[in-house]
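Quick one: the structure is below, questions incoming.
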Amino acid sequence: MRITVDGDACCASGLCVARADQVFDQREEDGSVVVLDSAPPPEHHEAVRAAAAVCPTGAIRLAE
């Protein structure tokens, strides 16, 4: 799995961090998403898929 994020589309909701805090964080200054691990290990894939699914702007993209 590879994760990419459209930083311009991110609305800083924090839902991705709530679903997969091992993989996503938010910038202090504006709350936009930070990808901590763009190729997470398999044990995080389900949480990452859930994070991408709840992103209100579709800013998180996955390549399996």
Side-chain angles (χ1 to χ4, degrees):
M1 170 185 283
R2 300 285 302 169
I3 303 168
T4 57
V5 172
D6 180 349
D8 292 333
C10 178
C11 68
S13 71
L15 292 173
C16 55
V17 178
R19 298 289 176 140
D21 63 351
Q22 308 88 356
V23 178
F24 300 103
D25 200 356
Q26 291 179 277
R27 289 192 179 100
E28 292 269 335
E29 57 273 5
D30 63 2
S32 62
V33 66
V34 174
V35 179
L36 301 174
D37 185 355
S38 63
E43 61 265 26
H44 296 305
H45 288 186
E46 184 176 332
V48 170
R49 287 185 194 102
V54 299
C55 178
T57 62
I60 300 170
R61 297 188 183 114
L62 307 177
E64 305 267 350

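Predicted, not measured: the structure shown is a model, and the values here were computed from it.
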Checking Pro56 now: which residues fulfil side chain to side chain contact (heavy atoms under 4.5 Å, CB included) with it, not counting sequence neighbours?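 Testing Pro56 for side chain to side chain contact (heavy atoms under 4.5 Å, CB included), a comparison that skips the adjacent residues, returns Cys11, Ser13, Leu15.
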Which heavy atom in Ile60 sits nearest to a heavy atom in Ala51, and how many Å separate them?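 Closest heavy-atom pair between Ile60 and Ala51: CD1-O, 4.1 Å.
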Kindly write out the residues that satisfy side chain to side chain contact (heavy atoms under 4.5 Å, CB included) with Ala9, not counting sequence neighbours, or none if the list is empty. Asp6, Thr57, Ala59
Find the distance between CG (Asp25) and SG (Cys16) and round it off to the nearest 0.5 Å. 9.0 Å
What pair of heavy atoms forms the shortest contact from Gln22 to Leu36, and how long is it? O-CD1, 3.9 Å
Would you say Thr4 and Arg61 are linked by a side-chain donor-acceptor pair, where the criterion is simply a distance under 3.5 Å? no
Shortest non-hydrogen separation from Ala39 to Arg2 and the atoms involved: CB-NH1, 3.2 Å
Verify side chain to side chain contact (heavy atoms under 4.5 Å, CB included) between Met1 and Arg49, making sure each step is shown before the conclusion. CA-CA 10 Å; Met1 170 185 283; Arg49 287 185 194 102; 4.0 Å; yes
Applying side chain to side chain contact (heavy atoms under 4.5 Å, CB included) to Asp21 and not counting sequence neighbours gives Val17
Any idea which heavy atoms bring Asp37 and Ile3 closest together, and the distance?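 Smallest interatomic distance, heavy atoms only, reads O-CD1, 3.7 Å.
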Can you find a pair of side-chain heavy atoms, one from Phe24 and one from Val35, that are under 4.5 Å apart?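 Yes, side chains in contact.
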Glu46 CD: over 12 foreign heavy atoms closer than 6.0 Å: no
Would you find more than 12 non-hydrogen atoms of other residues, nucleotides or ligands less than 6.0 Å from Glu28 atom CD?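 Counting other residues, nucleotides and ligands, CD of Glu28 stays at 12 neighbours or fewer.
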